[in-house]
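To start, the structure under review is shown below, and the notes come after it.
Below, chains carry the letters A, B, ... as their sequence lines are ordered, and counting in each starts from 1.
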Number of protein chains: 2
Amino acid sequence: MVTINDIARRAGVSRTTVSRFINESGYVSEKARENISRVIEATGYVPSEQAKSLRLKRTKVIGVVIPKISTETMSRVVNGMDEVLQQEGYQILLASSSLDKEKEIEQLKLLESRRVDGIILVATNREPELLEAVKNLSVPVVAVGQHLPDISSVVYNDYEAAKSLTKEILRAGHTKIGFIGVDEADYSVGVLRKKGFLDALKENGCSVESGWMQTASFSISAGEEAAARLLDQSKTLPTAVLAVTDRLAVGVMQTLRKEGFDLPGEMAVAGMGASDMSAYVTPALTTVDYYYEEAGKVSAGILLKAITGRAKKVEKSQMDYRLLKRDSLR
Amino acid sequence: MVTINDIARRAGVSRTTVSRFINESGYVSEKARENISRVIEATGYVPSEQAKSLRLKRTKVIGVVIPKISTETMSRVVNGMDEVLQQEGYQILLASSSLDKEKEIEQLKLLESRRVDGIILVATNREPELLEAVKNLSVPVVAVGQHLPDISSVVYNDYEAAKSLTKEILRAGHTKIGFIGVDEADYSVGVLRKKGFLDALKENGCSVESGWMQTASFSISAGEEAAARLLDQSKTLPTAVLAVTDRLAVGVMQTLRKEGFDLPGEMAVAGMGASDMSAYVTPALTTVDYYYEEAGKVSAGILLKAITGRAKKVEKSQMDYRLLKRDSLR
DNA sequence: CAAACATGTGTGATCGATTCCACAATGAAC
DNA sequence: GTTCATTGTGGAATCGATCACACATGTTTG
C-alpha cells in the first residue's frame, strides 16, 4: 500500500508538503502541486484514514449495535441513521448482538476498542449489566427503543400506542380481546405495550380471561403457535386479538384462517409496527406506525450533537406514532 | 482515553511488558502480572484496535457496499455475511450507495481509505466505471449478485431460475404470459431474468404481445402502476404475469384485485425472491427462493479465503435456487 | 535600511500500539 | 568455572498520518 512518504519521495518534496497539498492547508508552490498531483494520480494513492484517526483522535465511524440484522424494523432504523450520518461524513460499523445479552455487552466493548466516535444502541433489555457496561463507556451513547437512565434515548411511545390501538378495538365494539405479547425482558415491547393494553381495558371496564393472553417470541410462526394456544385455552373466545408486532399478527391470522375463521367477521386482528407486509396481507392489517426511519434519524442527530459537544448532557426524545386503521378490524 | 503508557506508568513497568501481558506473548513475572491487571481493572483500559491496526496492517474490518439498507434482500444477505465474519472476529463497515452509481464508486474509495481488510460489493450494475474502480482497489473484493469479470463473484442463477419459473407457468396451462421487469442496467435482474423468461417461451413456441411486457423500478407501487399499464396497453389480456421481484408481484396483485380480477382464477401471478411476505399475501405467492442468507455466507467465506491467502485468484460461485409453488399460480 | 510580512519548505514530535534486540540475573549442564 | 538455557525486562524503531516550529527567500512598509 502506497503511503504519504512514497508520494513525497517520488515527488521530490517532504511528506509535510504532501500533507499540505492534500489538506489544502498552508502554502504549496505551483511546481510542487504539479509534481505531487502527478505522482498521486500515477500511484492511485489514498491517504490512510486509519493513521489520520490515530493522530486526530477521531474516526468518523459510528458503532451501531442492533439485536438482529435481518428484521425490517432494524433495517429501517439503520437506514434512517445512515441517511443522517453519511451526510456528515460518518460511516456505520455494524454490530449484531443476535439477541444475546452477553454478546450485546461484548459488542459495546469491541466498538469502544475501535475508538468509534459514538455508539447507537438499539437495546432490547434494561438489565443492570447492560446499564453498567454502557455507563463505563468513554464514548457518547444514544439508546434507541428502550429508555435507559442517564443515557440519551429515543423511545417509541409504546404505552400510549398500545392504549390507543386497544381503544380503537373497543370503539369497534369488541369487549373480549385477546393479546399476544412477548417476554417482559424487553421492557418496551413486553411490558409497556401490555400495560397500555390492560389499562385501556380497565378504563373501559373490560376484563380478560387468562387464556386470552399469550406470550411468544418475535417470529411469524411464534404468532401462529400462540394463536393456537389461545384458541385451545380459552373458555369463551375473544372477538378480537391484539398482537404486539405485525409479524405476530400475521401469524395469528394464518392460524385463524387455517381454523376456518372468517376474518375480520369472526375475529378482528391488529398488529403493531406498520411493517411492509401489513398493508398487503388479507385482510389488510390494522396497525400502528412508529416512524422507524425517523427514529434512526433522530438518534443519529442526537449523537452527532453529543459528539460535537453542542448537546445537553442527556437528551430524551419520544417518537410520535400513527394509527393505521385497515380491514382487519371491523 | 487511557493508553498503554498510562497503564505502564501506573503499574511501574514498561509498555513492552504491558503489551506482553495483554497478548500473552513472552515472559511476565507474577508480580508484574498482578500490578498490571490491577491497574487495567481500575482504569477500565481497552487497547486501541486502531493503533494496533496501524502497526499490524490489518483492521479486522470488512467493508460492505449495498445499494440500499432497508430492503429485505439486503438485510438477509448482510445477515449471512455477519454470521460468518463475526465468527472470525471481523466487523462490518456498512456503506450504502443509495442506488447511485457514482456514490457506489465513492464508497469503495472511502472503504479503501479506511484500510478495510476486504470488500464485499453487492452490485446492481456492471458499468465500465465501476469495473475500473474495483480493479484499482488494492483490497480483495468479492462481488455479489452481478458477475464482474476478473473479480470473485457470487451470483444467483437468474437466467435458469426465471426460465424454470416460466416453464412452471406454462406447465400450469398458461400460454399468454405478461412480464414485469426492471431496467437493464441491472444485468442480473433486468437482463438475465428477462432472457430466461423469453427463452422459455420461445422453446415452447409462445409469443408475447408488446403491451404484456412492462418495466418498473423496485417498489410495490411501481408494480401496481406497471400492472395498470399492462392492462391498459394489452389488446388481449394474458392469463398469467411473471414479475421479477416479489414486491413487484405483490403490487401487481393489488392492482388486479382492485380491478376486480379473481386471483388466481382469472390471472395467475408469480414473483421472484421468496420474500417474507410472499407466503402471507392472498393468494400465497408462487416464487423462487434464492437463499440470500447463504449467498452472504458464501461471499464472506470467499473473501476470508482471499484475505488469508488460501484462495485461487478469482473464485466464481453460483447459488442454487428453489421453486416455491403456491396458490397464486394455478 | 531595518523591520514586518508573505510565501514556501522541511525537521521532528506525536498519536498508541507491536516487536526486534540487547541485556541481566539465575540456575543447570558439561 | 565457563557455557548455555530460561526467565524477565526495557529501549528504540515502526506503522502513516498531522502539526508546531524553525528557517529561508523575496517583497512591502515605515
Exercise for the section: Pick base, sugar-phosphate or nothing for B/Ser19, based on heavy-atom distances below 4.0 Å to the nucleic acid. Expected result: base
Practice task
Rounded to the nearest angstrom, tell me the gap between atom CZ in A/Arg20 and atom C1' in C/dG8.
Solution key: 7 Å
Practice task
Verify side chain to side chain donor-acceptor pair (under 3.5 Å) between B/Asn79 and B/Arg76, making sure each step is shown before the conclusion.
Solution key: CA-CA 5 Å; B/Asn79 195 48; B/Arg76 284 169 64 180; over 6 Å; no
Fill in the blank from the handout: Taken to the nearest whole Å, OH/B/Tyr27 to P/D/dG8 is 8 Å
Exercise for the section: Could you tell me whether the side chain of A/Ser29 has a donor or acceptor atom within less than 3.5 Å of a complementary atom in the base of C/dT7? Expected result: no
Practice task
To the nearest Å, give me how far apart CG (B/Asn23) and P (C/dT19) are.
Solution key: 7 Å
Problem - Short side-chain N/O contact from A/Thr17 to OP1 or OP2 of C/dG10, under 4.0 Å - result: yes
Problem - Whole-Å gap separating C1' (D/dG8) and CD1 (B/Ile36) - result: 12 Å
Practice task
Write down the distance between CD (B/Glu30) and C1' (D/dG8), rounded to a whole number of angstrom.
Solution key: 13 Å
Problem - Pair of N/O donor and acceptor under 3.5 Å linking D/dG11 base with B/Thr16 side chain - result: yes
Practice task
Measure from CD on B/Gln50 to C1' on D/dA17 and round the result to the nearest Å.
Solution key: 11 Å
Practice task
Let me know the distance between CD of A/Glu49 and C1' of C/dC15, rounded to the nearest Å.
Solution key: 14 Å
Handout entry: A/Tyr156 and A/Tyr292 aromatic ring geometry - parallel, tilted or perpendicular at 30°/60° bounds
Key = perpendicular
What are the atom names and distances for every N/O pair under 3.5 Å that joins the protein to nucleotides 13-16 of chain D?
from, atom 1, to, atom 2, distance (Å)
D/dA13, N6, B/Arg15, NH2, 3.4
D/dT14, O2, B/Arg55, NE, 3.4
D/dT14, O2, B/Arg55, NH1, 3.0
D/dC15, O3', B/Lys57, NZ, 2.9
D/dG16, OP1, B/Lys57, NZ, 2.5
D/dG16, N2, A/Ala51, O, 3.3

Problem - Separation of C/dT7 P from A/Arg33 CZ (nearest whole Å) - result: 12 Å
Practice task
Could you give me the CA-CA distance, side-chain angles and deciding distance for A/Lys297 and A/Glu83, then say whether salt bridge (charged side-chain N to carboxylate O under 4.0 Å, His left out) is met?
Solution key: CA-CA 7 Å; A/Lys297 285 190 196 176; A/Glu83 240 165 74; 3.4 Å; yes
Problem - Worked verdict on A/Arg114 versus B/Gln91 for side chain to side chain donor-acceptor pair (under 3.5 Å) - result: CA-CA 10 Å; A/Arg114 293 207 188 275; B/Gln91 281 193 295; 2.7 Å; yes
Practice task
Could you grab the distance from atom CD of B/Glu41 to atom OG of B/Ser37, nearest 0.5 Å is fine?
Solution key: 7.5 Å
Problem - Separation between CG of A/Asp117 and OG of A/Ser53, rounded to the nearest 0.5 Å - result: 7.5 Å
Handout entry: Interatomic distance, B/Arg33 atom CZ to B/Tyr27 atom OH [nearest 0.5 angstrom]
Key = 12.0 Å
